[in-house]
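In this text the structure is predicted, and so the values were computed from the model without any measurement. Side chains are part of it too, since the values below use all heavy atoms of this structure and drop only hydrogens, waters and symmetry mates.
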Amino acid sequence: MDRSPDVTPIRSLSIAVVGANHPNKDGGNRRSEIAFCDPGEVLELRPEPNNPHDEHAIAVFSARRFQIGYVASQRAVYLRSLIRGGHSLHAIFQDVAPWGAIARVGINGTPSLPLHGEQAQDEACDADAEPAFYPDDIPPDD
């Protein structure tokens, strides 16, 4: 008899989109674009393997193809490993946050919005610290 624990595969997770205070190369304001995003709006995740600051960088673009920031570094490494493993990622805008935004990422499927209003902020962490977003139903390792 198999005694392995029941493991539910991760289907979606919320991630921090950081770097909203930095202007885009064309001088565009990321915070302004974030203000135009609606919950559930499709986002594009664009890996930047040649990024000089972080080889795992993943830029995040709005439905209007305007960059709103980057996936927080600790989650970018995880998401890049999923991409390398052949998984498809689909992202939607979840909420505005003090550091930028919260996006919902579906792994091999379209994500849904699990939280509304201030609950999304409660799940988030301080912008000055490394945002600690964890997949649903999986506690942090520390």
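Here the closest heavy-atom approach between residue Gly40 and residue Ile92 is recorded as O-CG2, 3.6 Å. Here the shortest heavy-atom pairing between Asp54 and Ser73 reads OD2-CB, 4.1 Å. Ser62 and Glu41 make their closest contact through CB-OE2, 4.1 Å (heavy atoms, listed as atom of the first residue, atom of the second, distance). Minimum interatomic distance between Pro47 and Leu45 (heavy atoms only, all atoms of both residues): CD-O, 3.6 Å.
Once rounded to the nearest 0.5 Å, the distance linking CD1 of Ile34 with CG of Asn29 reads 8.5 Å. With values rounded to the nearest 0.5 angstrom, Ile68 atom CD1 is found 11.0 Å from Glu44 atom CD.
Hydrophobic clustering (ILVMFWY, side-chain heavy atoms < 4.5 Å, transitive): Ile107 and Phe93 are in one cluster. Val17 is connected to Ile83 through a chain of hydrophobic side-chain contacts under 4.5 Å among Ile, Leu, Val, Met, Phe, Trp and Tyr, so both are in one cluster. Connection of Leu43 to Tyr78 is established within a shared hydrophobic cluster, with ILVMFWY side chains joined at heavy-atom distances below 4.5 Å, either directly or through further cluster members. In the hydrophobic clustering of ILVMFWY residues, with side-chain heavy atoms under 4.5 Å counting as a link, Ile58 and Leu82 come out together. Connection of Val71 to Phe61 is not established within any shared hydrophobic cluster, with ILVMFWY side chains joined at heavy-atom distances below 4.5 Å, either directly or through further cluster members.
In this structure the side chain of Val96 never reaches within 4.5 angstrom of the side chain of Ile102, judged on heavy atoms. Inter-residue side-chain proximity for Gln94 and Pro39 is flagged as unmet; no heavy-atom pair is nearer than 4.5 Å.
A donor-acceptor pair is defined here as one N or O able to donate and one able to accept, closer than 3.5 Å; no such pair exists between the side chain of Asn24 and the backbone of Gly27. With hydrogens and angles disregarded, a donor-acceptor distance shorter than 3.5 Å links the side chain of Arg80 to the backbone of Glu55. Panel note: side chain Asn108, backbone His87; no donor-acceptor pair is recorded below 3.5 Å.
Residues in residues 30-40 take part in these salt bridge (charged side-chain N to carboxylate O under 4.0 Å, His left out) pairs, two or more places apart or across chains: Glu33-Arg64.
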Step by step, work out the side chain to side chain contact (heavy atoms under 4.5 Å, CB included) result for Arg75 and Leu13.
-> CA-CA 10 Å; Arg75 288 294 152 226; Leu13 66 152; 3.9 Å; yes

Trace of the side chain to side chain contact (heavy atoms under 4.5 Å, CB included) decision for Tyr70 with Glu48 | CA-CA 10 Å; Tyr70 284 91; Glu48 294 184 348; 2.9 Å; yes

Side chain to side chain donor-acceptor pair (under 3.5 Å) assessment of Ser12 paired with Arg104 = CA-CA 7 Å; Ser12 61; Arg104 189 79 177 161; 3.0 Å; yes

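In the displayed structure, Arg65 atom CZ is contacted under 6.0 Å by at most 12 heavy atoms of other residues, nucleotides or ligands.
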